[in-house]
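Lettering follows sequence order; numbering is per chain, from 1.
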There are 2 protein chains.
Amino acid sequence: MDRKAKYVYFFGGGQAEGSGQMKDLLGGKGAGLAEMTNLGLPVPPGFTITTEACRIFYENGEQVPDFIWQEVEAHLRRLEEVSGKRFGDSSNPLLVSVRSGAKFSMPGMMDTILNLGMNDAVAEGLARLTGDRRFAMDTYRRFLQMFGSIALGIPKERFHEALEDLKRRRGVRQDVELTADDLAELVETFKAIIQQATGAPFPQDPRAQLRAAVTAVFRSWNNPRAQYYRKIHGIPDDLGTACSVVMMVYGNIGEDSGTGVGFTRNPATGEKVLYGEFLPNAQGEDVVAGIRTPLPLQELERRLPDVYAQLRDIAEKLERHYRDVQDFEFTVERGRLYMLQTRVGKRTAQAAVRIAVDMVREGLIRPEEAVLRVDPAQVEQLLHPVIDPAVRDQHRPVAQGLPASPGAASGRVVFTADEAVARAENGEVVLLVREETTPDDIHGMHRAVGILTSRGGMTSHAAVVARGMGKPCVVGCEALRIDPRRRELRIGSTVLREGDWLTIDGSTGEVFVGQLPTVEPRISDEFATLLEWADQFRKLGVRANADTPRDAEVAYRFGAQGIGLCRTEHMFFGEDRLPHMVRMIMAATPEERRAALNELLRFQVEDFVGIFRAMQGYPVTIRLLDPPLHEFLPKREELIQEIAELKFRLTRTDDLKAMDALLKALHEKERLLARVNQLYEFNPMLGHRGVRLVITYPEIVEMQTRAIIEAAIRVKRQGVRVAPEIMVPLVSTDTELEQVRRIIEATAERVMEEQGVRVLYQIGTMIEVPRACLVADRIAAYAEFFSFGTNDLTQMTFGFSRDDINKFLPDYLEKKILPADPFQTLDTEGVGELIRIAIRKGRSARGNLKIGICGEHGGDPASVAFCHEVGMNYVSCSPYRVPVARLAAAQAALRTQAVAAEYAASV
Amino acid sequence: MDRKAKYVYFFGGGQAEGSGQMKDLLGGKGAGLAEMTNLGLPVPPGFTITTEACRIFYENGEQVPDFIWQEVEAHLRRLEEVSGKRFGDSSNPLLVSVRSGAKFSMPGMMDTILNLGMNDAVAEGLARLTGDRRFAMDTYRRFLQMFGSIALGIPKERFHEALEDLKRRRGVRQDVELTADDLAELVETFKAIIQQATGAPFPQDPRAQLRAAVTAVFRSWNNPRAQYYRKIHGIPDDLGTACSVVMMVYGNIGEDSGTGVGFTRNPATGEKVLYGEFLPNAQGEDVVAGIRTPLPLQELERRLPDVYAQLRDIAEKLERHYRDVQDFEFTVERGRLYMLQTRVGKRTAQAAVRIAVDMVREGLIRPEEAVLRVDPAQVEQLLHPVIDPAVRDQHRPVAQGLPASPGAASGRVVFTADEAVARAENGEVVLLVREETTPDDIHGMHRAVGILTSRGGMTSHAAVVARGMGKPCVVGCEALRIDPRRRELRIGSTVLREGDWLTIDGSTGEVFVGQLPTVEPRISDEFATLLEWADQFRKLGVRANADTPRDAEVAYRFGAQGIGLCRTEHMFFGEDRLPHMVRMIMAATPEERRAALNELLRFQVEDFVGIFRAMQGYPVTIRLLDPPLHEFLPKREELIQEIAELKFRLTRTDDLKAMDALLKALHEKERLLARVNQLYEFNPMLGHRGVRLVITYPEIVEMQTRAIIEAAIRVKRQGVRVAPEIMVPLVSTDTELEQVRRIIEATAERVMEEQGVRVLYQIGTMIEVPRACLVADRIAAYAEFFSFGTNDLTQMTFGFSRDDINKFLPDYLEKKILPADPFQTLDTEGVGELIRIAIRKGRSARGNLKIGICGEHGGDPASVAFCHEVGMNYVSCSPYRVPVARLAAAQAALRTQAVAAEYAASV
């Protein structure tokens, strides 16, 4: 501890020793008061004891050393001079508030004491001075209560019970019904409580009160709720709090007094209009207590037009000074305005966008700043349908699950994927409700407007697929009791049947009974402007993951510059396609397999034609078939049950024809079961899938390549530009890609010769196996592009199964073993290191290698920043997150620029 | 092509232009002939056309250019001079063999033509000269047959049919029954065949014959079988073959002639005695044809003592010259010995060891060379029991499976693990026969002498566990039809019942009915000497993986310097332990869990005491519980079936007491099923296991730490030194290890205080997750040692599930996508790169970090070499492979030294 250092900073009389830059030292509140003083705003005078003093307090065994007390005393004398009042002077008493305030706002976590300086003599003097004895006694008893509990550590209940006891004796119900004499009696009771609890009389000396209060504020930095708050918000424990001692002003002495809070602009809409609330003849506490309803700020204009005009000027000044929307507190004491606090105002996503764009137009900030000011994670809410805010408050959710995929959706309940398809084809709007989903449900998920499950976590099948599809989804909603056989859903005492309406909000996890109206997302003009600016600054391309022409259209509309991942397996789950897929899997010879694949070919061609057309010449990266084949076959347990049923029915029939049919069906099911058993895998995630399928069944890649090239040629003939990129998944050695590349090239060549049209296409690979990163230089010899599949790469790098991680992830997050779910935010330390290695090695072998990312991380702002830093060419994310990624990419570029500029300036 | 270069090398007359070093250019055969000539050995003269000429032949459109022919002509003239015979001279004809011979031996793959130079005149001359017209005609027709088929490309069958036709007409069955006139007729027939097939008469000019023969030899380099051989043996296609033209000598002209092959020492036992076979009055072909049985070489001593003495001297000279055992071919022509070929002799493992050690004692080689000469992979066969060679040939295997874990074992067939335990406790020797094994079978596998399964591959559960236990095992034996309910095993028409004897050979995959005697492995004195030398040279420590005191004793006996991996989970599968484990898993509270763990504690202590004692103060690395908990519970399908049965029985009973018991059992099974369902994982390999278990259930690590420290203290009190190392598995972040380390340290401290004794112990981690390698510096902050778990590391780096890889691995090996099974031989390119990163980062943070490997690769010679190169401290492998690892480690160290010395000499 440095005895020569300055530990106390004064503000008042139009000048402050500190400034708004000194949040580290003065806390947010102290810095704001200093800055406002320097701006010439009417701030009650006072001084701030620094966070450094707080740290010394702890180092010194929770004692404030004498040399700091001496500095406090000196500043107290200066405060008496500036205010013209004196501590303990009954004819002109100085009363102060003693407030905590750290670098990062921790609302309500630490302590504050008001009206300090009060004692018997001062109370009488105040009664005389204000002509309001009740006010004086009420102020005194409030101070005793606060000081007693906070500074002296006496349980709050003791004071509260004495107050209630008095009210009971007086036969009144409200505090305000107590008279001045009642309150004077209460003052005596409180003093007796203090005497009894501490063994010493209540300290009448204001200086002694101040010492106890400052000590209490410093100590409150380490109270359990503050510690907990810091832990969950990641605020370091060694920052300490500052302590501001400020002259009291009173909004509760008459109708020309009052207190209020305001925003320089509307924080909900962003509209440029002074916005806030005002409570006449009241103190801040009364606003918080919520007993009286505050008036809109405009009421102040009517009642005290001069004060309102002054406030408006101040708001203007604050905004111009801080160059951002401010949230402020003020008090009017007998017609005189005092500013008590200012800070950057929180706002909704909609307001954030509008304010940023407006401020550029007003010349307050530059477009770069506007882009940097809007939180990409926050704007995501602007991109999904929401429950109409006009009716939202009239409904209470019946259940709460995990918000797995944002957006709101209403639909008729269905319990099976098949039912979803059937009703959708009849034009009904359906919501799929399942215990959990599997790849078998994909066709139903496609037709549903939303998905609700009773099991699974944020990375369950339902959650991942729904996010991929951009469909609202709530998972793990444990209150649901689903009975698919009875086609019934129970939530508590509510029973819903198939076809009943249900509404989910995938952004909050809430579930509502009935059909709530939703509002469709629209990119506002301001948002469009902001995104245009973002596009000028960003270096990263932004593509979308889309498996259907419809998704591709959404992506294009949201500004995607291509498809980064088109998964072809979902195309095979359709009702009209799955039978061919099954036949392909059951084929005994390559010829049979080719015949089945031939049937699938025409579907694939249609799919690709639609997507190519939607993307208008932007590149479309198509991933070859990836999942293990058993995902396309019925489940083992289902087959066993079906076989048992068939056998049972066989024993019950005498009809030869029926027996024949049953035997045939039985044979078919048993064949299926045998194949399912054969394909069974202990760890399907690490099994026979991706490029490994293609190595064993080259017919698959031949069919898919043919479909891609035929579709490209058809679109090209229609005069639309087309840029297909064929992506081989799960590559771990260069030899895999080398061999598959040969098949693709030969097939493409054959198709182009047949058709007499050439199209340009590229061949590349998904980098999603750790080994691929380590030998990326060798792989790059056969790849024109890399696309990081960070979902699988994260699974293998950590050895975490995404389907199973919920067994221990909650523990890992709670015990701070992991800073975040690595499937949501890229692990830049481990997975990121592999990515860096792969990029370095890949580009060393092929200078113009195109590199992107197509895992779910492509839409996560922190992960997008990482992608920019390591020099990728593009990110790809779900269509609805494209604007988020555009903004995040621009911010990453601007921040890198800023760092570079800072560095350049420093050398 | 360089016209000035030398393309033909002469040998003969006691001198050769080439030497034994020139295998690249002259092929193995040409180099051997040159070297023997230079040694002054009796070699028929001749010359070798180089591999370079062969390459030019291919560059030149499969034509030998004239300037090479000119060089050949010149050398032919020189051969005529040296031999004193002339091409085509009927009074003294020169006949030659034209032989292929590449750098790497490709036995039988390429072509050779004998007796070239023969024509009508020469045949008559030869008849006169030898006085043996039949010999002359037989030689002529053989030449026509060979030349016609090989040099002229006429199908062999044409000549063969003509021969058979003649025999039919003469009414004889054997070639030897044909007379000289018969053969003369055959010569005419063969010439007619040639005329008819080629449209030209057979070339009487020996020089024309030579051109055609050389061309044919060069062309045979690229025949399909040679190409295939090179592909599977990894021999480059562009080496080409040399072509040696050598004067013919004849072992088939009288009883003072003959031919033979020999070894300078016994290649089966290594005994220092001339060893080989001799066939009087015969040519090399006759030996190969196998019509006559050759005599032992000692017979030559009796028949031609001078020749035998000369041969013995030559063998001695060859061995001293080559400093290794030689395998040679010779011919005796009328009492005169000719050496035709020499090369390093192949030998059994036993012989390899004995020869290497004997040669050091004889002063022929240094101990370093002896160590380098013995193939570690080969000596593994000396370390396992084998079927007694004395009776082996009298039995035929009834089935063939995959050789999953080496060694032979006989036992009585059992079909369940429980039966294995029951019979073993009655003193019976049992062999466990299952469709496949699971962790539930471990207790039975422990009690069986061997394991046989009908399913699964080299990396199936049975294979991996058996290798770990060092037990013979045959897997994937598809001929088995196992019916566990009828306790019956069918192999073809053979039916075996429980208790019948069966014998397996895990080194060959063979299965025999009955009890075949086996011979226990013993480390011979020579092998012990060799291993002592190896220990002097190696830098790597060698430890063993052992889970039981018995395994630890074997390991100690085989020279292990510690236990590198003691898996604790196998300790919980015992009959007396599993119930407590299940209770632990079913516990609803930490207290219940602790109580169950407390029961397990005393077993763990006993296990560790036994292992510590066996290792006599060497370090013992104990891995904390690793597998997912569901492995300890019954299988889901079994439970469902049991529940169905209980329910069925409930409907059939009226007895209240019985119902009560049934209901209780039902409740218990349903609770178990619920827990099994809860613990179900899609990818257990990437699931809730290893350190992740410990994070959620810290009680487990507390119990295990307590057991380790209590055991260590008990052993220390007995006066035995002890060095426990506690290893945390599956770590992927430093924070995991940090938190677990804290628990281990606190628990150990508590135990040591309770007991009043301190023991030194270390805490380290298994590095088996890719991420751990990437952040090894951070992890090293909390680890005194790293042990690479290369099984899991390989799984995650490739994304290969070891349990499922057999679905595509055969394809991958066949298509050369992978050079080897990465679970057998470490992938030094990908997995090895992660290991290099981890070692570099780990040592950067902790200079004295101890680093080892404990995957199955620790016993694979190629992988051991890698471990040496990257600077590990030790390898750990199954006890039976410890000698293999000791030898491999020494070889790696010696090779590194040699490379360093070479480099030092070159600069």
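Chosen from A:V769, A:L818, A:I817, the residue pairing most often with chain B at heavy-atom distances under 4.5 Å is A:I817. Options B:D734, B:V831, B:L679, B:L693 differ in how many heavy-atom pairs under 4.5 Å they form with chain A, and the most are formed by B:L679. Counting heavy-atom pairs closer than 4.5 Å to chain A, the top-ranked of the candidates B:E768, B:E738, B:R689, B:M796 is B:M796. In terms of heavy-atom pairs under 4.5 Å with chain B, the best-connected choice from A:P810, A:P770, A:A772 is A:P770.
For a residue to count as touching a neighbouring chain, one of its non-hydrogen atoms must lie under 4.5 Å from one of that chain's; by this rule B:R778 touches chain A with the side chain only. Using a 4.5 Å cut-off between heavy atoms, A:D827 touches chain B through its side chain atoms alone. For a residue to count as touching a neighbouring chain, one of its non-hydrogen atoms must lie under 4.5 Å from one of that chain's; by this rule A:I837 touches chain B with the side chain only. The part of A:T733 that comes within reach of chain B is its side chain, from C-beta onward, which places non-hydrogen atoms under 4.5 angstrom from that chain. Only the side chain of B:V775 comes within contact range of chain A, judged by heavy atoms closer than 4.5 Å. For chain A, no part of B:V731 is nearby; none of its heavy atoms comes within less than 4.5 Å.
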As a quick check of understanding, evaluate side chain to side chain contact (heavy atoms under 4.5 Å, CB included) for B:Y812 and A:E736, giving each step before the final call.
CA-CA 9 Å; B:Y812 268 53; A:E736 287 170 325; 2.5 Å; yes
Give the C-alpha distance, both sets of side-chain angles, the deciding distance and a yes or no for side chain to side chain contact (heavy atoms under 4.5 Å, CB included) between B:F682 and A:R802.
CA-CA 9 Å; B:F682 292 94; A:R802 204 174 54 174; over 6 Å; no
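Here the CG atom belonging to B:L774 is positioned 9.5 Å from the CZ atom belonging to A:R836, to the nearest 0.5 angstrom. Atom CZ of residue B:F800 and atom CZ of residue A:R692 lie 4.5 Å apart, to the nearest 0.5 angstrom. Atom CD of B:E833 and atom NZ of A:K841 lie 4.0 Å apart (nearest 0.5 Å). To the nearest 0.5 Å, the span separating CZ on B:F808 from CD1 on A:I695 amounts to 10.5 Å. A distance of 8.5 Å separates OG1 of A:T797 from CG of B:L834, quoted to the nearest 0.5 Å.
Although no hydrogens or angles enter the test, the distance criterion places no donor-acceptor pair under 3.5 Å between the side chain of A:Q795 and the main chain of B:G799. Between the side chain of A:N683 and the backbone N or O of B:D804, no donor-acceptor pair lies under 3.5 Å. At distances below 3.5 Å, not a single donor-acceptor pair connects side-chain atoms of B:E681 with backbone N or O atoms of A:D803. Proximity of a side-chain donor or acceptor of A:S801 to a complementary backbone N or O of B:L686 within less than 3.5 Å is not detected. Side-chain N or O atoms of B:K807 include one that pairs as donor or acceptor with a backbone N or O of A:Y680 at under 3.5 Å.
At a heavy-atom separation below 4.5 angstrom, chain A is approached by B:R636, B:E637 within residues 629-637 of chain B.
More than 12 heavy-atom neighbours from other residues, nucleotides or ligands sit within 6.0 angstrom of CD on B:Q678. Within 6.0 Å of CD on A:E745 lie more than 12 heavy atoms contributed by other residues, nucleotides or ligands.
For the residue pair A:T735 and B:K816, the shortest heavy atom distance occurs at CG2-O, 4.2 Å.
Using a 4.0 Å cut-off between a side-chain N of Lys or Arg and a carboxylate O of Asp or Glu, A:E829 and B:R771 qualify as a salt bridge.
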